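Read the structure below first, then the notes.
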Amino acid sequence: VQPPEKPLQAEEWNRLRESFQSPEIFEEVMFNSMVRCNSPIDVAKSLLTHVAKNNGDIAYNLLLKYLALCVQQGQTSEIRDVYDIMKIRFKILESGAYNLLIKGLCNSDQWRMGLTLLEEVKKIMIPSRTNYESCIKAASRHQEMNLAFELYHEMLAKDLVPTLDVLQALFDFSRGMKGAELQKELFGVLLYLRENQIYPHKTFMRSIKLWFESIPGGNWRGHLTNIKDSGQCPVCHHQLEDSDLTEEEYNNLRERIIRDVIHGTDTFRKTSPQEFEAFQTFVENRLPFDIVIDGLNVSHIKPRRMQCENLFDAVNCLAKGKTRLLVLGRKHMLINSSNWKREVMKEMQNKADFFFAENISEDDAFLLYATLRSGKHCKFVTRDFLRDHKACLSDSLTRHLFRKWQRGHQIVLKKMFLSLFIQQPAFSYDCVVQTTGDTWHIPYKDSFEEKYSYQVPRKWLCIQQQ
Amino acid sequence: MQSANMLLTKILRSSVLPFAAQHGMKKVLFPLSRTLSLSLCLKQDNSSGPSEKLDLDEWKKVMKSGLQEEVSETVSEHKELSTLAAAREILEMWRLAGRSVPENISEEQLKTFMECPSKSAKKKYLKYLHLKELYKKNDKRKMDEKRERKQEAQKRASETDETKRSSLVCLWANTMDKAYNWRAAQAMIFGQPLVFDMSYEKDMSVREVANTVRQIVLSEGCNRRSVDPFHVHFCNLKDDSLYHKEFIKHYRGAWGKLLITVTDQCYTDIFPKDKLVYLTADSPKVMKTFDHNKIYIVGSMVDKSIKTGVSLARAKRLGLETAALPLEKYLLWNSGAKNLTLDQMMHILLTLKDTGDWKKALEFVPKRKYCGFVSKPVHDLKKTLNLINTLKLGKRQEEVRRQFAKNYSKKLTQK
C-alpha cells in the first residue's frame, strides 16, 4: 500500500478505506507504510483528523505509529503534543512509547525533557539500555559529562550492559576537556573493559587514542604495535602482565573445576566413577605432563585424511625436545580399523602417553583434570572452546579465572596444506587491557563483534605518558 | 475572454479541493458576472487554504476536548500503584499497542509472569496466554454456531415430524468402559508389569511435566483398550509432586478409580533386579525381541530441552540392564530425534507383546522421521548392495561403497 503524497480530505480517505482488502486494519497498515516510506507529516495528520472525526477517539497503537513517524523526522513540537495528549488520556504509558519519546526528545534541543521522562520510567519499571544510551549520548553531546557519568553508573548498578557505542561516545565528547575527576571516570571505563574482557574495535580504539592525546598537559602518546613473544612492548619496552595465575588462584580454580564440572550434577552423565578413579590413578602415577592433547578432537582437523595420521602429525608437531605428552583417546581407537591403524598407534605410543576412555564418555573433564594437576606450566590442545564447561562454574570470579587460564594455556591447531601449524599458541603474556599508571596497553580487533569472541587479538595500542 | 477562462480553469484544476473547483466552474459559466466571479473564486481559494491548515491539527482538538471531560470527571486518578497493579496496567497498555497480550489475566498467571526470569521469557509466556485465549474464544464461537444450527435442524425435524428408525442396537459408551475395566482388573492380577519411572521432576520445567502427564494419560487409555493390557505401575510418584497435581487436574475424581498401581517406592524395591530392563534411546545395547518375562521400565520424561544421558545415568546408577529400540536397524532414518513420546512407546510395546512383529510395532513411529522400512537389518542390505555393484560395475564402484561404509562407521563411533 502506498501512502498518498499530499494530505487528503475525509471522503478520499473513506474511498481508500473501502477499496482496501480489510477495512478494519486500514489505518494501521497505512501508518506502517507511511513510516516505511517516510511520508511528510501532514499526510499523517490528515489521516489522524479523519479518524478522530469518525470515531471521536484515536486508538493507542495509531498514536504510537504517528509518534514513530515524528521521531523519524525529528518533529520535536509534535512529539511534545503527542506526549501531552497521551499523558492525560492514559494512566501510564508502556515501554514502547517511552523508548520512542526518550529517543526523540534526546535527539533534539529539548533533551532535558528526556531526562524527566527517564525519571518517570524508573517509577514503573527498570528502563531499558537504549533509554540510558539516548540520555547518555544527549548529555555528552551537550558537554554535561558529570550527568553522563552519573547515568552510566546508574546503568551499571542496574545490571544493564552498555553498548560499545555509548562507551565510544563518552570518549568522543570528552576530547580536550580538563579535569582530574573526568580522567578518573574515563580510566574507570577502561578498567570496565578489562574486567569484562572486552576488546574495542578500530573506531573505538582510535577514539581512545585521540582522547589520550588531547588531554591538556598530560603529554600522552599512542602507537599501534604488535607485542613480541616474550611479552615485551617494542614501543615502551614495558613487560606485559604474566598470563599465569598465582598459586592460590590456581588451587582455587582446580578445586572448583573438579567440584562443579567433573562431579557437577552427575558423574554418571559424562563418565562413570570407576573410570574416573582409574584415570586419576593413571595421572597421579605419571605426573607431570607438559602438554595434554584431546585425541578425538585433533584427529578431525583434516577431514579427508586418516584420523590416526592427523593425530600423528599433531604429536610430531608438539613433541619437540623433552616435552611429556598425554593423549586422551577412546577405546575404539585400539580396534584396527580403516581410520586407526595399529602400526601408527604403536608408533605414537612411543612418543606420548595414552589413556583410552569408554566410547560414550565425555573426555573434556579428563582433559581439564590432567592439565590442572600437572601444574601451571601444562598446556592443553583442543579446538573446542569449552564454553559448556565454563558455564558449569558457579560464580563469576571463577569464570574470569577460567577464561584467563584458558587464554594462557590453550593451544589451537590449524591445518595447512601439508602439515599442521599452531593457530593460537598459548601466550605467556595476558591479552587484556592493562595499565601501570603511566602506560596503558589495549588490545583491539579490526571488526566489531557484539558477542564475546574466544579469538584473542594480536594487535595492540600502546599509550605512554612522556 | 477565452484565455481568462483557460487561466481560471487551470487555477481551479490545480487546486486540491474538488468541490470548491466545481463551485468556481459554475460561477464562471455566467459570462455577465465574470470579474465578480473571478474574485469570488479566488476568495474561496484563500478561505480553503487556512481551513485546510485547521484540518490538520483538528485531531488534537478533538482528543483534548474529549479528554477534558474525562479529566473533570476523574479527579484523583494518579495514586501510587502497587507493583501488581502497575504490572496489570502495563499489560493493558501493551495490548492496546498491539502486542500479543491476553485480555483477561488471573492473579496466578500474573504472579507467574512477574517471576519470569528474562524479558523474552515474559514475552513468550504472554504470547502463550494470548493464543490460548484466542483459541478458546474461537472454539466458543464455533460451539455457539453449531448449537444454533442444531436447534434449527431440530425445529425443522419436529415440524416435519420424522421418527428415525434403524436396525442397529444402541451400544452406550458405559458398556464398553465396563468391559475395558474388567480387562484392566484382570491384567492387574495376571498381566505383565510395565513401569513408568516418575523421578524426573527436577530435570523438567513445569510445562514439560504437564506434557508428560498428558502423554501418560493417553498411554494409560490406549493400554486399557488393548486386547491384553499391561499391569501399569507408576513408581517414584511422591504425593505432593508436580506429577501428582497434574494427574489430579486431568483425572479429577477418576484418579481414585484407575486400575493401576501407584507407589512412591522405587521399582528396585518391588521387583527383583535381574528382571528389570530400562528402555532408553541412549543405551548402547539394542533390543532384539520382546521378552515376556522381563519387566520394562520407561522414563516419564519429556525433553524439549535436550537432555542426553539422564535416563541412562539413572539406570547405570542402579546397575540395571538397559536396552534401546532397534530403530536404526529396521528403519531408514530420515531426520528427527530418536526419543519417542510415551504413548508411541506404549503402542509399540503393546503391538510387540501381541504380535512380536517389528514391522507392525514400528508403524507407530512418526512417519516424517523415516523414509522406509526394511525387514532385514541395514548392514546386511549394504553387503548385498556392495556385491551387486561389484558384479555390475567393477572395482571403482566398490571403492565408492567402501568410502560410504567408512563414513557410516565413523558416524557410529563419533559421540
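We name chains A, B, ... by the order of the sequence lines, and we start the count at 1 in each one. Only a predicted model underlies this, so the values are computations on that prediction, with no experimental measurement involved.
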Part of A:Leu64 within contact of chain B (heavy atom distance under 4.5 Å): side chain

For atom NZ of A:Lys65, is the number of surrounding heavy atoms from other residues, nucleotides or ligands below 6.0 Å larger than 12? yes

Between atom OG of A:Ser95 and atom CE of B:Met93, what is the distance when rounded to the nearest 0.5 Å? 10.5 Å

Tell me, side chain or backbone of A:Asp57 under 4.5 Å from chain B's heavy atoms, or both, or neither? both

Under a 4.5 Å heavy-atom cut-off, does chain B meet the side chain of A:Ile41, its backbone, both or neither? neither

State, to 0.1 Å, how close B:Arg99 and A:Gly96 come at their nearest heavy-atom pair, and which atoms those are. NH2-N, 3.9 Å

More than 12 foreign heavy atoms under 6.0 Å from NZ of B:Lys111: is that the case here? no

Can you tell me how far CD of B:Glu92 sits from CD of A:Glu94, rounded to the nearest 0.5 angstrom? 11.5 Å

More than 12 foreign heavy atoms under 6.0 Å from NZ of B:Lys124: is that the case here? no

Does B:Lys123, at its NZ atom, have more than 12 non-hydrogen atoms belonging to other residues, nucleotides or ligands within less than 6.0 Å? no

Using heavy-atom distances under 4.5 Å, tell me whether A:Val51 contacts chain B through its side chain, its backbone, both, or neither. neither

Quick check on B:Leu318: does its CG atom have over 12 non-hydrogen neighbours (other residues, nucleotides or ligands) under 6.0 Å away? yes

Any side-chain heavy atom of A:Asn61 sitting closer than 4.5 Å to one from B:Leu96? no

Got a sec: does the NZ of B:Lys127 have more than 12 other heavy atoms crowding it under 6.0 Å? no

